[in-house]
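Small disclaimer: the values here were computed from a predicted structure and weren't measured. We use all heavy atoms of the structure for the numbers below, so side chains are in, but hydrogens, waters and symmetry mates are not. Just so we're on the same page: letters track the sequence lines, and every chain starts at 1.
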Amino acid sequence: MYISPPKSPRLSVPSRQSALWHHLQSSIRLLTGSLTMLRTMHRWSEVFIPTLREAPADAEVASHKLLVRAGYIRQLGAGIYSFLFLGNRASQKIIRIVREEMDKIGQEFYLPALNPRDIWEESGRWAVIGESMFRLKDRKGADLCLGFTHEEIMTDIARKELRSYKQLPQIWYQIQTKFRDEPRPKSGLLRVRQFTMKDAYSFDMDAAGLDVSYQKHYETYCRIFDRCGLKYVVIDAHSGAMGGTKSQEFMVRTPAGEDQVVSCEACGYAANMEKATSKVAPVEDLQPEGDGKPLLIHTPGKGAIADVAAFLGIAAEQDIKTVAYMAQSPGAAGKTGAGKTLEQPVIVFLRGDHSVNETKLLTLVKAANVRPMQAEEVEKYFQGPGGFIGPIGLAVRPKELLGEWDAKKWPADDRAATVVLDEGLLGRVNMICGANKLDYHLKNVTPGKDFEYTIAADIRSVNAGEGCPQCGAALGIDTAVEIGHIFKLGYKYSESMGARVLDRNGKEVAPIMGSYGIGIERILTAAIEQSNDANGFWLAPSIAPFDVVVVSTNSGDEKIRTVAEDIAKGLEGAGLDVLLDDRDERPGVKFKDADLIGIPFRINVGKKVTEDLVEVVRRSTLAREDVKISAITEHLSALVRENAG
RNA sequence: CGGGACGUAGCGCAGCCUGGUAGCGCACUUGCUUGGGGUGCAAGGGGUCGCGAGUUCAAAUCUCGCCGUCCCGACCA
């Protein structure tokens with residue numbers, strides 16, 4: 001299912017209300033501003049903004065290069081960054097927006113980053129999470145870890161404190177540092193080992209209540225990202241092998257991203273790669289040969305699909321691709337550590353030019369992981385050599401045993417495998433496949449007629465250009481960054497950790513939970529990725545470290561200097577965050593720096609002061625206009641307001 | 001975890017192949033100059049050449065080990 005992101009609230013409400021709303025916002029802004037940032041006018045000559053002409057050689061993606069060049073961040077180690085003055089200001093502004101919006105629906109907590117092992121044992125995740133979790137020992141040798149996410153800790157509070165349905169629903173959130181020992185930190189702030197996350201958790205009596213909490217988060221997230229000036233899409237996401245019913249991701253398209261988003265421009269369908277489906281164009285089947293029964297053909301040394309197709313003069317789409325896996329049981333590393341990891345054979349058939357989406361497969365067969373079969377396993381299940389394996393002659397597990405991990409219920413025939421037929425093969429006839437015999441393939445093979453399977457399902461990855469499942473138009477695939485994720489958790493944690501409340505009837509029930517995350521630094525990164533050029537980047541005033549930079553183009557000129565100073569003070573008085581570039585530098589240097597560091601508006605104070613004019617430059621378009629000095633405060637305030645989140 | 005590359009001044013790099021005690025641009029300091037898109041001139045300061053062993057009269061340079069960082073892949077509850 002697809003839910004299109006709602007329009008920004010400021011676009012959908014009447015202008016009078018909008019003005020009122022912004023008035024309130026700026027009042028709040030003034031209040032919180034005065035609390036958290038005592039000065040709103042800073043002199044460049046006095047603050048630390050170490051801009052660089054060149055990016056470090058290590059940096060690859062635009063946001064990384066620019067964050068370093070603009071003096072926002074400095075690297076301490078792989079995936080570990082220090083935030084300097086500008087970087088911290090931008091982060092704090094993002095956090096302020098997140099907090100303002102989250103406070104409308106929930107309550108802010110602050111949980112420990114340092115967690116004892118026990119609580120993670122209870123949910124089973126001490127073992128499940130594996131190497132991604134930073135672990136340490138205290139002086140007594142007790143195991144601790146650094147928080148990775150906080151479902152366990154929040155659920156612990158819930159189970160100790162929540163007793164009655166009257167206390168529900170609850171939405172609790174925090175803005176906290178998370179630690180993940182990423183196998184490969186990369187792309188600047190995009191994939192790091194320490195980062196700031198807003199994580200929220202909801203507790204409801206029933207699924208209907210969860211729907212409400214989930215929807216509140218959906219709307220809140222849209223407001224947050226709108227206010228941050230991001231262009232994003234909301235996509236249906238894979239909920240993970242660990243359960244959960246529904247989940248959606250908020251994505252910003254950028255080549256720097258690591259996730260793939262499948263979307264349709266025609267109707268708005270969007271989903272991530274693990275969830276996306278498509279309509280494939282009809283394929284012309286081969287004509288049967290002979291009596292139409294499978295026919296052995298000699299294909300010496302032609303194991304790979306491409307080789308076979310070329311050898312036989314057919315297209316890969318006439319071929320059945322065979323992929324043989326051993327699937328591994330979920331939960332083997334549970335809290336009791338009960339049992340070893342079980343494995344069962346899962347064999348997939350799909351069109352020769354299609355590829356398996358392992359995440360879809362995992363979900364289908366309820367496995368934690370799959371690995372390719374080894375040569376001797378291939379021999380066992382196919383009774384033929386790798387490269388020439390195919391569907392005929394397999395022992396097939398019945399559909400009832402799909403996802404069955406109780407080995408006692410497995411078929412007596414230890415060759416029996418779960419056989420999955422990709423839906424793309426349904427209706428196809430007279431295909432080519434491996435014969436389970438060295439150097440031989442089969443012709444005239446029709447799924448369902450010539451071989452059985454456990455189940456037919458969608459387990460392939462969508463390719464760009466295939467038909468949208470909703471409207472049939474060509475699908476596109478873009479890379480994107482995930483900036484937020486909302487997730488119906490269900491009962492996983494409340495059940496496993498024993499959270500119970502009494503319902504109306506005095507009956508003990510587990511609350512149903514949701515969890516909802518936003519990556520603070522990823523908002524900054526995504527914003528830069530979507531708004532940059534060769535000279536730098538620009539942020540929405542809502543998240544920029546300053547609303548405006550006032551450049552005195554010649555600090556040696558008394559008149560220019562004092563006008564710049566007065567303008568800066570005036571803007572500060574109007575509640576704007578102002579950076580006054582009072583350095584004794586050449587104008588060119590100041591313009592380059594101003595363009596680099598992400599500030600949305602610039603005022604050039606120069607020769608035209610004699611005509612009572614200064615120049616206002618929008619960083620996003622580089623459009624400039626002359627404005628009367630007497631009108632500058634009002635002019636800038638309006639500009640910031642129009643573009644404010 | 002598999003594959004690849006790199007590590008020399010704050011940043012970007014040369015020097016390494018062929019061993020002889022470290023250099024360029026930017027940045028920084030001082031002075032003059034210039035003043036609307038990284039001004040010009042002059043004089044300066046700054047480097048355990050990632051770390052540790054080894055070879056050698058002599059190691060940034062050759063050898064071995066380690067550490068770190070980045071890229072591709074795998075992985076990403």
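Between the CD atom of A:Glu121 and the C1' atom of B:rA77 there is a distance of 15 Å, rounded to whole Å. Atom CG in A:Asp582 sits roughly 21 Å away from atom P in B:rG35 (whole-Å rounding). Rounding to whole angstrom units, CG of residue A:Leu613 and P of B:rG36 are separated by 17 Å. Atom-to-atom, NE2 of A:His64 to P of B:rC71 comes out at 8 Å; the value is rounded to the nearest Å. For A:Phe48 and B:rC28, the CZ to P distance is 12 Å, given to the nearest whole Å. Residue A:Lys559 contributes atom NZ, which lies 19 Å from atom C1' of B:rG35 at whole-angstrom precision. Per the geometry, CZ belonging to A:Arg193 stands 19 Å off P belonging to B:rC76, to the nearest Å.
Within the 4.5 Å cutoff, side-chain heavy atoms of A:Ser515 are placed close to those of A:Tyr201. The shortest distance between side-chain heavy atoms of A:Val589 and A:Lys592 does not fall below 4.5 Å. You'll find the side chain of A:Lys186 stays beyond 4.5 Å of the side chain of A:Val61, heavy atoms only. Residues A:Phe591 and A:Val551 are in side-chain contact: their nearest non-hydrogen atoms beyond the backbone lie under 4.5 Å apart. For the pair A:Asp478 and A:Ser263, the minimum side-chain heavy-atom distance is below 4.5 Å.
Here the separation of B:rG68 from B:rG31, taken at their C1' atoms, is 42 Å to the nearest Å. Separation of the C1' atoms belonging to B:rU48 and B:rA59 is 15 Å when rounded to the nearest angstrom. Here the separation of B:rG4 from B:rC66, taken at their P atoms, is 16 Å to the nearest Å. Taking atom C1' on both nucleotides, B:rU56 is separated from B:rU21 by 15 Å, rounded to a whole Å. With P as the reference atom, B:rG54 and B:rU61 are 14 Å apart, rounded to whole Å. Distance check on atom P: B:rG7 versus B:rC28 gives 26 Å, rounded to whole Å. For the P atoms, the distance from B:rA5 to B:rC76 is 28 Å, rounded to whole Å. The C1' atoms of B:rA60 and B:rG50 are separated by 12 Å, rounded to the nearest whole Å.
When heavy atoms are screened at a 4.0 angstrom cut-off, A:Glu585 is found touching base atoms of the nucleic acid. Residue A:Arg602 is in base contact, counting any heavy-atom pair closer than 4.0 Å across all strands shown. If you check every strand for non-hydrogen atoms under 4.0 Å, A:Ser187 touches sugar and phosphate atoms only. When heavy atoms are screened at a 4.0 angstrom cut-off, A:Asn604 is found touching base atoms of the nucleic acid. A:Asp181 comes within 4.0 angstrom of no nucleic acid atom, judged by non-hydrogen atoms across all strands. The residue A:Gly556 sits apart from the nucleic acid: no heavy atom pair falls under 4.0 Å. Among the heavy atoms of the strands lying under 4.0 Å from A:Lys607 is at least one base atom, whether or not backbone atoms are also near. No engagement by A:Ala59 is indicated, since no non-hydrogen atom pair under 4.0 Å with the nucleic acid exists. Residue A:Asp595 is classed as a base contact, given a heavy-atom separation below 4.0 Å to a base. The residue A:Arg624 sits close to a base: some heavy atom pair falls under 4.0 Å.
Taking every side-chain heavy atom of A:Arg180 into account, B:rA77 is the closest of B:rG36, B:rG35, B:rA77. Side-chain proximity of A:Thr553 to the nucleotides B:rC13, B:rG36, B:rC71 is greatest for B:rG36. Nearest nucleotide to the A:Glu615 side chain, out of B:rC71, B:rG36, B:rG38: B:rG36. Comparing B:rA77, B:rC13, B:rC70 against the side chain of A:Ala78 picks out B:rC70 as the nearest. The side chain of A:Val589 has B:rG38 as its nearest neighbour among B:rG38, B:rA77, B:rG12.
The closest donor-acceptor contact from the side chain of A:Asn115 to the backbone of A:Pro112 lies under 3.5 Å.
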Could you write out each protein N or O paired with an N or O of nucleotides 1-9 of chain B at a distance under 3.5 Å?
none

Could you pull out the protein-nucleic contacts involving nucleotides 23-26 of chain B (nitrogen or oxygen on both sides, under 3.5 Å)?
{"residue": "B:rG25", "atom": "N2", "partner": "A:Glu54", "partner atom": "OE1", "Å": "3.4"}
{"residue": "B:rC26", "atom": "O3'", "partner": "A:Arg53", "partner atom": "NH2", "Å": "3.4"}
{"residue": "B:rC26", "atom": "O2'", "partner": "A:Arg53", "partner atom": "NE", "Å": "3.4"}

Pairs under 3.5 angstrom, nitrogen or oxygen only, protein versus nucleotides 45-52 of chain B, please.
none

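Scanning for salt bridge (Lys or Arg N to Asp or Glu O under 4.0 Å) contacts around A:Glu151 gives A:Arg125, with sequence neighbours left out. Under the salt bridge (Lys or Arg N to Asp or Glu O under 4.0 Å) criterion, A:Glu495 pairs with A:Arg500, not counting sequence neighbours.
In a base pair of the Watson-Crick type (N1 to N3 plus N6-O4 or O6-N4) or a G-U wobble (N1-O2 and O6-N3), with each distance short of 3.5 Å, B:rC16 is matched with no nucleotide. Across all strands shown, B:rA5 forms a Watson-Crick or G-U wobble pair with B:rU69, both key distances being under 3.5 Å. Under the Watson-Crick and G-U wobble criteria, each requiring two contacts below 3.5 Å, nucleotide B:rC26 is paired to B:rG10. Across every strand in view, B:rG47 sits unpaired, with no contact that passes the Watson-Crick or G-U test at under 3.5 angstrom.
Neither OP1 nor OP2 of B:rG35 sits under 4.0 Å from any side-chain N or O of A:Arg586. Neither OP1 nor OP2 of B:rG68 sits under 4.0 Å from any side-chain N or O of A:Gln75. Under 4.0 angstrom from either OP1 or OP2 of B:rC72 there lies at least one side-chain N or O belonging to A:Lys186.
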Which donor-acceptor pairs under 3.5 Å do the side chains of residues 606-614 of chain A make with protein atoms, sequence neighbours left out?
{"residue": "A:Lys608", "atom": "NZ", "partner": "A:Asp626", "partner atom": "OD1", "Å": "3.1"}
{"residue": "A:Lys608", "atom": "NZ", "partner": "A:Asp626", "partner atom": "OD2", "Å": "3.2"}
{"residue": "A:Thr610", "atom": "OG1", "partner": "A:Lys607", "partner atom": "O", "Å": "3.0"}

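Between A:Tyr232 and A:Phe250, the angle of the ring planes lies from 30° to 60°, which puts this pair in the tilted group.
Put simply, the side chain of A:Asp58 and the base of B:rG12 share no donor and acceptor less than 3.5 Å apart.
With respect to the salt-bridge test (charged N to carboxylate O, under 4.0 angstrom), the residues A:Asp143 and A:Arg135 do not qualify. In summary, A:Glu615 and A:Arg624 engage in a salt bridge, as defined by a charged side-chain N under 4.0 Å from a carboxylate O. Ion pairing between a basic and an acidic side chain is recognised when a charged N comes within 4.0 Å of a carboxylate O; A:Asp533 and A:Arg619 show such pairing. One finds no salt bridge joining A:Asp557 and A:Lys559 here, because no Lys/Arg side-chain nitrogen approaches an Asp/Glu carboxylate oxygen to under 4.0 Å.
Put simply, NZ on A:Lys360 and CG on A:Asp458 are 3.5 Å apart, with the number rounded to the nearest 0.5 Å.
A:Tyr81 has its ring centre less than 6.0 Å from the ring centre of A:His64.
Place A:Leu596 and A:Thr149 on RNA chain B by their nearest nucleotides, and A:Leu596 ends up nearer the 5' end. For the pair A:Asp593 and A:Arg74, both in contact range of RNA chain B, the more 5′-proximal nearest nucleotide belongs to A:Arg74.
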